[in-house]
2 protein chains.
Amino acid sequence: MTKGALPGLTLCNNATLRRAGRKLGRFYDDVLAPSGLKGTQYGLLYQIHIGSEPAMGAIAEALIMDLSALGHTLKPLIRDGYVETFADKDDRRVKRVRLTPQGGLKLDEATKLWTIAQQRFEAMLGKDQAAKLRAALDEIATLDFDMPPAR
Amino acid sequence: MTKGALPGLTLCNNATLRRAGRKLGRFYDDVLAPSGLKGTQYGLLYQIHIGSEPAMGAIAEALIMDLSALGHTLKPLIRDGYVETFADKDDRRVKRVRLTPQGGLKLDEATKLWTIAQQRFEAMLGKDQAAKLRAALDEIATLDFDMPPAR
DNA sequence: CGGAAAAAGTGGCATATGCCACTAATTGAA
DNA sequence: TTCAATTAGTGGCATATGCCACTTTTTCCG
């Protein structure tokens, strides 16, 4: 009976998304485990890597996450020496972020594992399905939920 | 420049799912805010509601979440008097969960708000798109990620 | 029957995320 | 120039989730 239809809340978009997120997150986490990074941390390192010494705010915006949440999530990575921050030359309010050499190596190491997870997942769901899913998710990410409260 | 294409990690299924999850989660949380419940808590109350005094393990399985995580998430709901637990008559290891009368009322109240969130979201993404998305997400939720480690 | 193994939760520890109240640095007028 | 808004982050507090080490019950055998 453990197999079969999923009971309940199959109607709530939010709950369904969260549930799938827990499942997929654990999978990526498991595969990335040998590197010592969680899926979230891998994504964050990658985002920093592809940016040009991005400011905290720029990262938060790209990842659609709260600025303070980003700050918290960054701490273990800084503590472990994968990331470092420095003040922007022209605006001292701005704090920029970059990978340390160690962080770069760790990212490379983790990318090998990530590729495995990515391939295994896409082999199961289907490359097309996965691409369509990401497209739909990206669409949600760009939606503008602001009409009612007016302004 | 704030608008436009999403930079980076649009390739990682996990990162994309998490990002959309943060966005959608905040939307549902905002709409549910007047009830004092978060989207996660609403989903949990609902899951308990549709079950027959479900055991912790049953809930965790349905929501695909860690049993201990469920225990932690349940605490604030118990503290606030929306949920109560009791030992199973036949197996004292099992702890069953049910809504209190207050919890039932709160669920009804929150459901009105949830309906608004759900409708607003589906109006933006499209009912079809939303249904397809949930189907895809449910498929992920049922995938069996266990081959490599063999057994 | 009696002890090993399995099943269901709990507690502690760590990361992931958000919101709110603040602080510091800039920008914009008057 | 000077002081009120705005912008970028930080810290504290609370929930969301996981994993691991245990404790308590049951179940299973020999």
Side-chain angles (χ1 to χ4, degrees), chain A residues 2 14-15 17-30 32-33 36-45 47 54-61 63-80 82 85-97, chain B residues 2 14-15 17-30 32-33 36-45 47 54-61 63-80 82 85-97:
Chain A
T2 298
N14 185 45
L17 187 51
R18 284 181 98 69
R19 175 164 59 185
R22 286 189 290 270
K23 176 94 173 206
L24 193 60
R26 280 209 258 183
F27 173 62
Y28 275 79
D29 279 358
D30 287 348
L32 285 172
L37 294 178
K38 308 294 228 55
T40 316
Q41 302 180 313
Y42 173 72
L44 182 48
L45 287 188
Q47 186 67 37
M56 302 265 306
I59 299 173
E61 190 180 347
L63 298 184
I64 308 183
M65 74 189 297
D66 185 88
L67 181 56
S68 75
L70 172 61
H72 300 150
T73 304
L74 224 38
K75 274 177 194 164
L77 295 173
I78 294 174
R79 178 200 59 201
D80 296 340
Y82 299 143
T85 62
F86 59 101
D88 180 282
K89 294 306 175 193
D90 304 315
D91 188 336
R92 273 175 302 177
R93 286 173 305 180
V94 175
K95 187 196 274 188
R96 290 183 174 285
V97 186
Chain B
T2 299
N14 184 46
L17 186 52
R18 282 179 101 62
R19 175 165 57 185
R22 285 190 290 270
K23 176 95 172 206
L24 193 61
R26 281 211 257 183
F27 173 61
Y28 275 79
D29 279 358
D30 287 347
L32 285 172
L37 294 178
K38 309 293 229 55
T40 317
Q41 302 180 315
Y42 173 72
L44 182 47
L45 286 189
Q47 186 68 36
M56 301 266 305
I59 298 172
E61 191 180 346
L63 298 183
I64 307 184
M65 75 188 296
D66 185 87
L67 180 56
S68 75
L70 171 62
H72 301 150
T73 304
L74 224 38
K75 274 176 193 166
L77 295 174
I78 293 174
R79 177 200 59 199
D80 296 339
Y82 300 142
T85 61
F86 58 101
D88 182 282
K89 293 305 176 195
D90 304 315
D91 187 336
R92 274 176 301 178
R93 287 173 305 180
V94 175
K95 186 196 276 189
R96 290 183 174 284
V97 186

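Keep in mind that the numbers below use all heavy atoms, side chains included, and drop hydrogens, waters and symmetry copies. Below, chain A is the first sequence line, B the second, and so on; all start at residue 1.
An OP1 or OP2 oxygen of D/dT26 is reached within less than 4.0 angstrom by a side-chain nitrogen or oxygen of B/R92.
Note that CG of A/L45 is 11.0 Å distant from CD of A/Q47, once rounded to the nearest 0.5 Å. With rounding to the nearest 0.5 Å, the separation of CG in A/L37 from CG in A/L77 is 7.0 Å.
For the residue pair A/T40 and B/R18, a side-chain donor N or O sits within less than 3.5 Å of a side-chain acceptor on the partner.
Straight-line distance from the CZ atom of A/R93 to the C1' atom of D/dA8: 6 Å, rounded to whole Å. Rounded to an integer number of Å, the gap from B/E61 CD to C/dG9 P is 11 Å.
Taking 4.5 Å as the limit, every side-chain heavy atom of A/P54 sits out of range of all side-chain heavy atoms of A/R96. Residues B/I59 and B/L44 meet the side-chain proximity criterion, which asks for heavy atoms closer than 4.5 Å.
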Quiz item: When every nucleotide of nucleotides 12-21 of chain D is labelled 5' to 3' by its protein contacts under 4.0 Å (heavy atoms), B for base, S for sugar-phosphate only, - for none, what sequence of letters results?
Solution: BB-SSBBBB-
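B/G71 comes within contact range of no nucleotide atom at all, as no heavy-atom separation falls under 4.0 Å.
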Please list, one pair per line, the donor and acceptor atoms closer than 3.5 Å that link side chains of residues 63-73 of chain B to other protein atoms, with sequence neighbours excluded.
{"unit_1": "B/D66", "atom_1": "OD2", "unit_2": "B/S68", "atom_2": "N", "d": "2.8"}
{"unit_1": "B/D66", "atom_1": "OD2", "unit_2": "B/S68", "atom_2": "OG", "d": "2.6"}
{"unit_1": "B/D66", "atom_1": "OD2", "unit_2": "B/A69", "atom_2": "N", "d": "3.3"}
{"unit_1": "B/H72", "atom_1": "ND1", "unit_2": "B/S68", "atom_2": "O", "d": "3.3"}
{"unit_1": "B/T73", "atom_1": "OG1", "unit_2": "B/A69", "atom_2": "O", "d": "2.9"}

